[in-house]
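Working notes for the structure below.
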Protein chains: 2
Amino acid sequence: MSNAKVLPLLEPADGQGVAPCCPPLTERPMTAEEAETAARMFKALGDPVRLRLFSAVASHEGGEACVCDISDVGVSQPTVSHHLKKLKEAGLLTSERRGTWVYYRVEPSVLAAMGKLLALPAAA
Amino acid sequence: MSNAKVLPLLEPADGQGVAPCCPPLTERPMTAEEAETAARMFKALGDPVRLRLFSAVASHEGGEACVCDISDVGVSQPTVSHHLKKLKEAGLLTSERRGTWVYYRVEPSVLAAMGKLLALPAAA
DNA sequence: TGTCTATGTTGACGTCTATCGATACAGGTG
DNA sequence: CACCTGTATCGATAGACGTCAACATAGACA
């Protein structure tokens, strides 16, 4: 396994590319299931170390980075690995081994889905 | 105290209305301080119960709701109160007592700031 | 094959957190 | 004033989480 079990944040898509898991937070009260799903994404970004790791990958050229490029966040190597795994399980990152190094890249559609969740209703 | 100590998510504002705490995640790697601040917001939405409470307030007419309107999320009353407090501490909600009831309302500028954090670089 | 580097996994430990019942506080009503 | 309702706080408890050192695994290279 590698990218095997990831959160089903995006439906099979209705023809477009980005199908958010849930309607905007301001549209209607979320159901328990929707909240469960969406909370997993927010929770994944709710740790400073993970947020820095994610930002490092997201801002790296090509939207992808080797672990060696981003692991300077002040915690041990196992901890970095642990957090990257969490981000992967949340569906925010995918990973791929290429020779000696492992590269992580952002899942842009998931990022977009989260953005939509926070969308304001026109001019709030 | 009531709305006393809230996160400084928004600078005093440079004349506009919405000054996000940090640049978009994809712009450059976040600093430790930026990550600390932003992670608090995400963490606040990283719990299913809080997410439902927040969504209930945000989607309620006028962007404001009495606790009695939204407290049907399957947990006890003290737990609801606890989560609303957390959301307030994160700067996502403000509260005001009007007679018998306490009303919570969303802080639209903070919501916008979070949305900007997740903004994609043009057409990703 | 053996060894070196890069990354992931395991197990343990301390801290944080979600939850509850009991209780306190605030405001309305009588 | 006493009493009732709505909301917040307190204290306790169980479970989740972040972190590390030790170890395991994967690939490169000699």
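Treat the numbers as computed from the prediction; the structure is a model and nothing was measured. We name chains A, B, ... by the order of the sequence lines, and we start the count at 1 in each one.
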DNA chain D: 5'-proximal contact among B:Tyr103 and A:Lys86 (nearest heavy atom):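 On the 5' side of the pair lies B:Tyr103.
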Okay, side chain of [X], backbone of [Y]: is any donor-acceptor separation there less than 3.5 Å?
| X | Y | result |
| --- | --- | --- |
| B:Arg50 | B:His83 | no |
| A:Arg97 | A:Gly99 | yes |
| A:Ser59 | B:Leu25 | no |

Do [X] and [Y] belong together in a cluster built from hydrophobic side chains that touch within less than 4.5 Å?
| X | Y | value |
| --- | --- | --- |
| A:Val57 | A:Val102 | yes |
| A:Leu118 | A:Leu111 | yes |
| A:Tyr103 | A:Leu87 | no |
| B:Leu45 | B:Val75 | yes |

Looking at [N], I'd like to know if its phosphate oxygens (OP1 or OP2) sit under 4.0 Å from a side-chain N or O belonging to [X].
| X | N | result |
| --- | --- | --- |
| A:His82 | C:dT9 | no |
| B:Arg50 | C:dA18 | yes |
| B:Arg97 | C:dC25 | no |
| A:Ser76 | D:dC20 | yes |

Using the rule side chain to side chain contact (heavy atoms under 4.5 Å, CB included), only one of A:Leu93, A:Leu84, A:Asp47 pairs with A:Leu53; which is it?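 Filter result, single survivor: A:Leu84.
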Answer with base, sugar-phosphate or nothing: what part of the nucleic acid does [X] contact at a heavy-atom distance below 4.0 Å?
| X | value |
| --- | --- |
| A:Tyr104 | sugar-phosphate |
| B:Thr79 | base |
| A:Val80 | nothing |

For residues A:Ser71 and A:Gln77, determine if any side-chain heavy atom of one lies less than 4.5 Å from a side-chain heavy atom of the other.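 They are not in contact (no side-chain heavy atoms under 4.5 Å apart), so the answer is no.
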Value in whole Å for how far the [atom2] atom of [N] lies from [atom1] of [X]:
| X | N | atom1 | atom2 | answer |
| --- | --- | --- | --- | --- |
| B:Arg98 | D:dG6 | CZ | P | 17 Å |
| B:Glu96 | D:dA8 | CD | C1' | 17 Å |
| A:Trp101 | D:dA28 | CH2 | P | 9 Å |
| B:Lys88 | D:dT7 | NZ | C1' | 11 Å |
| B:Arg52 | C:dT19 | CZ | P | 12 Å |
| A:Arg40 | D:dC17 | CZ | C1' | 16 Å |
| B:Leu87 | C:dA18 | CG | C1' | 13 Å |

Any donor-acceptor N/O pair under 3.5 Å between C:dG8 base and A:Gln77 side chain: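 By the distance-only test, yes, there is a pair.
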Walk along nucleotides 10-16 of chain D from 5' to 3' and tag each nucleotide B, S or - by protein heavy-atom contact under 4.0 Å, base first, then sugar-phosphate. -------
Shortest non-hydrogen contact from A:Met30 toward A:Leu117: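 Residues A:Met30 and A:Leu117, closest heavy atoms: CE-CD2, 4.4 Å.
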Please work out which residues in residues 56-74 of chain A have a non-hydrogen atom less than 4.0 Å from an atom of DNA chain C and list them by number.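 Under 4.0 Å from DNA chain C: A:Cys66, A:Val67, A:Cys68.
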